[in-house]
Protein chains: 2
Amino acid sequence: MKIENTKAQMRKGVLEYCILLVLDGKPLYASDIIESLKAAKMIVVEGTLYPLLTRLKNDGLLAYRWEESTQGPPRKYYELTDTGRTFLGELEGSWTELVMAVDKIKSNKA
Amino acid sequence: MKIENTKAQMRKGVLEYCILLVLDGKPLYASDIIESLKAAKMIVVEGTLYPLLTRLKNDGLLAYRWEESTQGPPRKYYELTDTGRTFLGELEGSWTELVMAVDKIKSNKA
DNA sequence: TATTAGTACCATGCAACACATAGTACCATA
DNA sequence: TATGGTACTATGTGTTGCATGGTACTAATA
């Protein structure tokens, strides 16, 4: 229904920010990232995450290395590049501006 | 550049919310809406606003009436419908969830 | 009356991203 | 060899903000 669609629209641009935030610490692979986001009630599934990780890697914001697993296929561990860390700072600024703009509109009405 | 593009992506879904917020008071016409958003540092131009107002009206969230002006062409004054007011409440919830999710991710990292 | 400037509004195509779907591949186990 | 679990890949769709080019109304001026 319409609110679900609008929620998806609201996540545009923000999901990227969240992923860079989650990776601003130690390297993680996709399942870890999904769990971290889930813990924050940002529900994302693999079909959304993998293409986004690929895009961020292609944009130079993330790098990955393969790591063997004792429990299944090898895993791609992602981490921020220097470029990614810089861009994360810019996203931080953009997000803060957006939130403040919305707060200001809220407080200005009757 | 890329951050400008991401800012535009972040506004997806949020701009609709802001417009309904601004109109949750007294009826306004396009130029008033632009000024209110501008005061909150949400910069929007006519080419963005008119199509969005039309879409919201077509979705049943807004209604308008023409009003003569003493200084130029007649103006469309927009206001929320009952449906629009209800949907605004849902948007409020969605936005709050998103902001809280981002805050949680921020506070969870190292 | 005709023209011009200012103001208000409209139509449309493009770019970008979240998402869903269908698929492949690796590893452990039977 | 076959199967289940896990990890990852490829791709097309739908939606919205945006830019661009346009029309129309009104007041002022010539």
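Side chains included, hydrogens not; waters and symmetry mates left out as well; all remaining heavy atoms used. Note that the structure is a prediction, hence the values are computed from the model and not measured. Residue numbering restarts at 1 for every chain, and letters A, B, ... go by the order of the sequence lines.
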How close do [X] and [Y] get, counting heavy atoms only, and between which atoms?
X	Y	answer
Leu53(A)	Ala30(A)	CD1-CB, 4.4 Å
Leu98(A)	Met10(B)	CD2-O, 3.6 Å
Trp95(B)	Trp95(A)	CH2-CH2, 4.0 Å

Over all strands shown, is Glu68(A) touching base, sugar-phosphate only, or nothing at heavy-atom distances under 4.0 angstrom?
sugar-phosphate
Under 4.0 Å, counting only non-hydrogen atoms across every strand here, what does Pro74(A) touch: a base, just sugar-phosphate, or nothing?
sugar-phosphate
Is the shortest side-chain N/O distance from [X] to OP1 or OP2 of [N] below 4.0 Å?
X	N	answer
Arg55(B)	dG17(D)	yes
Asn5(A)	dT16(D)	yes
Tyr50(A)	dT9(D)	no
Arg75(B)	dA8(C)	yes

Taking the side chain of [X] as its heavy atoms from C-beta onward, which of [options] lies nearest to it?
X	options	value
Lys76(A)	dT9(D), dC17(C), dA20(C)	dT9(D)
Leu52(B)	dA16(C), dG17(D), dC9(C)	dG17(D)
Pro51(B)	dA7(D), dG17(D), dT12(C)	dT12(C)
Arg11(A)	dA7(D), dC10(C), dC19(C)	dC19(C)

Take the protein atom [atom1] of [X] and the nucleotide atom [atom2] of [N], then report the distance between them rounded to whole Å.
X	N	atom1	atom2	value
Tyr78(A)	dA7(D)	OH	P	13 Å
Glu16(B)	dC18(D)	CD	P	13 Å
Lys12(B)	dC14(C)	NZ	C1'	10 Å
Asn58(A)	dA16(C)	CG	C1'	15 Å
Leu98(A)	dG17(D)	CG	C1'	13 Å
Leu53(B)	dA8(C)	CG	P	14 Å
Gln71(A)	dT29(C)	CD	P	10 Å
Lys7(A)	dC17(C)	NZ	P	23 Å

Note: for Asp59(B) and Gly47(A) on DNA chain D, the residue whose nearest nucleotide lies more 5' is Gly47(A)
Is the shortest side-chain N to carboxylate O distance from Glu90(B) to Lys2(A) below 4.0 Å?
no
Contacts of Ala8(A) and Glu46(A) projected onto DNA chain C by closest heavy atom; the upstream (5') one is Ala8(A)
Pairwise side-chain contact, Glu16(A) with Ile19(A), heavy-atom cut-off 4.5 Å (strictly under):
no
